[in-house]
> 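Submitted below is the structure of interest, expressed as C-alpha cells.
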Amino acid sequence: AKAAGRCTFMRYNDDMDLAVRQRATISGALRKVLDRGELRLVFQPRLSLSPPRITGVEALLRWSSPEHGDIPPAEFIPIAEESGLILEIGEWVLREACLVLQRWRQHGMDTLNVSVNVSVLQLLRGDFVGVVARVLDDVGIPPHLLELELTESVLMANAEQTAERLQAFRTLGVSLAIDDFGTGYSSLAYLKRLPITTIKIDKAFVDGLPHDAEDAAITPTIVAMAHSLGLRVVAEGVETEGQMRFLAERGCDEIQGFWVSPPLDALQCLAFMRNWRPGELL
Ligand code: C2E
Ligand code: CA
Ligand code: CA
Ligand code: CA
C-alpha cells in the first residue's frame, strides 16, 4: 500500500510538473509577445443607420509573430485565457484602445466610442472595475465613451457576482454590450436582470439576410425585443447592401462589418472616419 501510495504521489507530481512546464512555456511565449510588441490593435468602425453616422469602433487584437506569421485571436486568446495571461493582455488592450481613442479625440473625433472585448477571467477578477476606472482616469477618457463587450457565456459564468460587477460599471458610466447575441444557450430572463445597454446580433443571423426566411424572421424579432427592453441593437458581420437595407428597414440601430469597413489600423481608421460621408452608404 505504501509503494502504491508513493507511486500515485509520484505520478501526480509528474503530471503537475508537465502542466506547470506547459503553462510556463505558453506564458513565456505570450509574455515575450507583449514585451516584444508583437501585439497590436485594429479598429472596426460601427455605423449608426439613422441618422447615418460613425458612432465608434471595436478594438480587435492582432498577433503578428516573426516565426509563425499572423495568428488569429480565435487561436491565441483561449491559450492566453488558460494561462491567465489574458489579464495582462486584456489590460494592455484596454489601455491601448483608450490611448488611440484619446489621440483621435485630439483630432476632433470627440464623440467617438470605443468597444473592448472582455474575457471571463477579466470580469471575475476582484478589482476589474477598479482597473477600468484607473485606465480611463490615467488616459483621460470619459467613462461613457467606453463600451465593454461580454459574451453570453461570460455573463452566465457567475450570474450573481456578474450582476453586481456590471452594476458597478453602469454606476461608473461605462456601457455594456452582449456580444455574439443568439449563439449562447442562456434564457432571455437575464436580459431583464442584467444592466446591459447594447445587444450585438451575431453574424450567424445576418449571413442569410435578406432572403433566408429564418434569418429574416429572427433578426427583426431580436430588434423588437431589444427595443422593448430599452437596449440598442448592433448587427455584426454585415457584408452586403441587401443586409444593410433589411436591417435599416427593421429599425436596427447600428451595423458593423465589411460592408462598412474591415478592421483597420489606427491611422487608416482615422483617415476612413474623416473621409466618410453618409451619401456613400445610404
Ligand atoms: P468578435 O468580438 O465577435 O469580433 C468580430 C469578428 O468578426 C472579428 O474577428 C472581425 O474581424 C470579424 N468581422 C467583422 N466584420 C466581419 C464581416 O463582415 N465578415 C466576416 N466574415 N468577419 C467579420 P477577429 O478580429 O478575428 O476576432 C475574433 C474574436 O476574437 C472576436 O470575435 C473576439 O471574440 C476575440 N477577440 C478579438 N480581440 C479580442 C480582445 O482584445 N480580447 C478578447 N478577450 N477577445 C478578443
Ligand atoms: Ca466583439
Ligand atoms: Ca461578436
Ligand atoms: Ca438560416
Side-chain angles (χ1 to χ4, degrees), residues 30 33-34 38-47 56-64 69-101 113-125 128 131-132 135 146-155 157 175-184 196-209 219 222 232-244 247 254-266 268-269 272 281:
L30 277 168
V33 151
L34 258 183
E38 290 174 19
L39 293 182
R40 68 200 158 81
L41 294 182
V42 289
F43 301 87
Q44 187 173 38
R46 230 163 85 171
L47 174 71
V57 297
E58 177 176 1
L60 293 159
L61 192 53
R62 292 291 177 265
W63 179 12
S64 304
D70 291 350
I71 302 154
E75 276 176 37
F76 70 83
I77 282 168
I79 299 173
E81 282 172 342
E82 265 171 52
S83 65
L85 259 174
I86 193 67
L87 294 180
E88 207 175 320
I89 292 174
E91 191 172 335
W92 178 84
V93 168
L94 181 68
R95 187 172 292 272
E96 184 68 14
C98 287
L99 286 167
V100 168
L101 183 68
N113 293 269
V114 69
S115 299
V116 172
N117 294 285
V118 169
S119 94
V120 64
L121 221 58
Q122 290 177 277
L123 187 66
L124 292 181
R125 68 184 279 185
F128 187 47
V131 166
V132 172
V135 168
L146 175 67
E147 181 176 75
L148 301 178
E149 298 193 2
L150 309 144
T151 60
E152 287 171 272
S153 56
V154 168
L155 294 174
S175 298
L176 300 170
I178 299 188
D179 205 354
D180 307 339
F181 184 79
T183 59
I196 52 161
T197 50
T198 309
I199 281 179
K200 298 191 80 175
I201 302 178
D202 192 75
K203 180 178 184 302
F205 302 102
V206 174
D207 280 342
L209 299 178
T219 47
I222 298 177
R232 208 166 166 75
V233 190
V234 183
E236 294 191 291
V238 177
E239 295 182 344
T240 69
E241 180 168 5
Q243 291 170 342
M244 181 279 295
L247 290 159
E254 295 183 38
I255 60 170
Q256 185 180 334
F258 295 168
W259 195 70
V260 179
S261 168
L264 302 167
D265 72 36
Q268 288 175 314
C269 193
F272 173 87
L281 288 172

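Basis for what follows: all heavy atoms, side chains included, without hydrogens, waters or symmetry-related copies. Indexing begins at 1, ligand by ligand and atom by atom, following the structure's order.
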> Which atom name does Asp180 have for its N/O/S atom nearest to the Ca ion (ligand 3)?
OD1

> Considering just N/O/S atoms, say which atom of Asp179 is closest to the Ca ion (ligand 3).
OD1

> Who gets closest to atom 29 (C) of ligand 1 by heavy atom: Ala97, Ala80, Pro73?
Pro73

> Which atoms from ligand 1 have a heavy atom of Ser119 less than 4.0 Å away?
44 (N)

> Side chain or backbone, does Glu58 bring an N or O within less than 3.5 Å of an N or O on ligand 1?
yes

> Give the numbers and elements of all ligand 1 atoms closer than 4.0 Å to a heavy atom of Val93.
41 (O)

> Can a side-chain donor-acceptor contact be found between Glu58 and Ser115 if the only test is distance below 3.5 angstrom?
no

> Please report the shortest heavy-atom distance between Leu264 and Phe272, naming the atom on each side.
CD1-CB, 3.8 Å

> Checking the side chain of Gln44 only, and the main-chain atoms of Ser261 only, is there a donor and an acceptor separated by less than 3.5 Å?
yes

> Within the structure, does at least one protein heavy atom fall under 4.0 Å of atom 20 (C) of ligand 1?
yes

> Just checking, is any N or O donor in the side chain of Ser64 or Asp70 under 3.5 Å from an acceptor N or O on the other one?
yes

> How does Leu41 reach ligand 1, if at all, at less than 4.0 Å between non-hydrogen atoms: by side chain, backbone, both, or neither?
neither

> Locate the shortest heavy-atom distance separating Gln122 from Gly90; write the atom from each residue and the value.
NE2-CA, 3.2 Å

> For atom 7 (O) of ligand 1, is there a protein heavy atom at a distance under 4.0 Å?
no

> Has Asn117 got an N, O or S atom lying less than 3.0 Å from the Ca ion (ligand 2)?
yes

> In terms of residue, atom name and distance, what is the protein heavy atom nearest to atom 31 (C) of ligand 1?
Leu60 CD2, 4.4 Å

> Work out which heavy atom in Val57 is nearest to a heavy atom in Pro45; give both atom names and the distance.
CG1-CA, 4.0 Å

> Less than 4.0 Å between atom 34 (O) of ligand 1 and some protein heavy atom, yes or no?
no

> Considering just N/O/S atoms, say which atom of Glu58 is closest to the Ca ion (ligand 2).
OE2

> Is Gly237 near ligand 1, meaning one of its heavy atoms is under 4.0 Å from it?
yes

> Before giving the answer on side chain to side chain contact (heavy atoms under 4.5 Å, CB included), spell out for Val93 and Leu41 the whole-Å C-alpha distance, their side-chain angles and the decisive distance to 0.1 Å.
CA-CA 7 Å; Val93 168; Leu41 294 182; 4.0 Å; yes

> Of all N, O or S atoms in Glu149, which has the smallest distance to the Ca ion (ligand 2)?
OE1

> Could you tell me if any non-hydrogen atom of Glu236 lies under 4.0 Å from any atom of ligand 1?
yes

> Short N/O distance, under 3.5 Å, between Glu149 and ligand 1?
no

> Report whether any nitrogen, oxygen or sulfur of Glu236 sits less than 3.0 Å from the Ca ion (ligand 3) (N, O or S, backbone or side chain).
yes

> Using a strict 4.0 Å threshold on nitrogen-to-oxygen distance, state whether Arg62 and Glu38 make a salt bridge.
no

> What protein heavy atom sits nearest atom 42 (N) of ligand 1, and how far away is it?
Asn117 O, 3.5 Å

> Does at least one non-hydrogen atom of Pro263 fall below 4.0 angstrom from an atom of ligand 1?
yes

> Answer yes or no: is there an ion pair linking Arg46 with Glu254, defined by an N-O contact shorter than 4.0 Å?
yes

> Do any nitrogen or oxygen atoms of Phe258 come within less than 3.5 Å of a nitrogen or oxygen of ligand 1?
yes

> Looking only at heavy atoms, is any part of Gln44 under 4.0 Å from ligand 1, and if so is it the side chain, the backbone, or both, or is it neither?
side chain

> I need the minimum non-hydrogen distance between Glu236 and Asp180, along with the two atoms involved.
OE1-OD1, 3.4 Å

> Provide the closest heavy-atom pair for Ala97 versus Val116 in the form atom of the first, atom of the second, distance.
CB-CG2, 3.8 Å

> Sub-3.5 Å donor-acceptor pair from the side chain of Ser175 to the main-chain atoms of Thr197, do we have one?
no

> Relative to ligand 1, is Ile77 under 4.0 angstrom through side chain, backbone, both or neither, heavy atoms considered?
side chain

> Hey, is the main chain of Asp265 close enough, under 3.5 Å, to the side chain of Gln268 for a donor-acceptor pair?
yes

> Minimum heavy-atom separation for Val206 to Ala235, with atom names?
CG2-CB, 4.0 Å

> Could you go step by step and tell me if Trp63 and Leu39 meet the side chain to side chain contact (heavy atoms under 4.5 Å, CB included) rule?
CA-CA 5 Å; Trp63 179 12; Leu39 293 182; 3.7 Å; yes

> Counting from 1, what ligand 1 atoms have a heavy atom of Asp180 closer than 4.0 Å?
3 (O)

> Atom 38 (N) of ligand 1: which protein heavy atom is closest, and how many Å away?
Leu61 N, 3.1 Å

> Would you please test Ile178 and Thr198 for side chain to side chain contact (heavy atoms under 4.5 Å, CB included) and show each step?
CA-CA 6 Å; Ile178 299 188; Thr198 309; over 6 Å; no

> Applying a heavy-atom cut-off of 4.0 Å, say which part of Asp179 lies close to ligand 1: side chain, backbone, both or neither.
side chain

> Do Glu81 and ligand 1 have an N or O pair less than 3.5 Å apart?
no

> Would you say ligand 1 has an N or O under 3.5 Å from any N or O of Gly257?
no

> With nothing but distance in play, are any N or O atoms of Glu239 less than 3.5 Å from an N or O of ligand 1?
yes

> Checking side-chain polar atoms at under 3.5 Å, does Gln243 have a donor or acceptor matched by the opposite partner on Asp207?
no

> Decide whether an N or O pair under 3.5 Å exists between Gln122 and ligand 1.
no

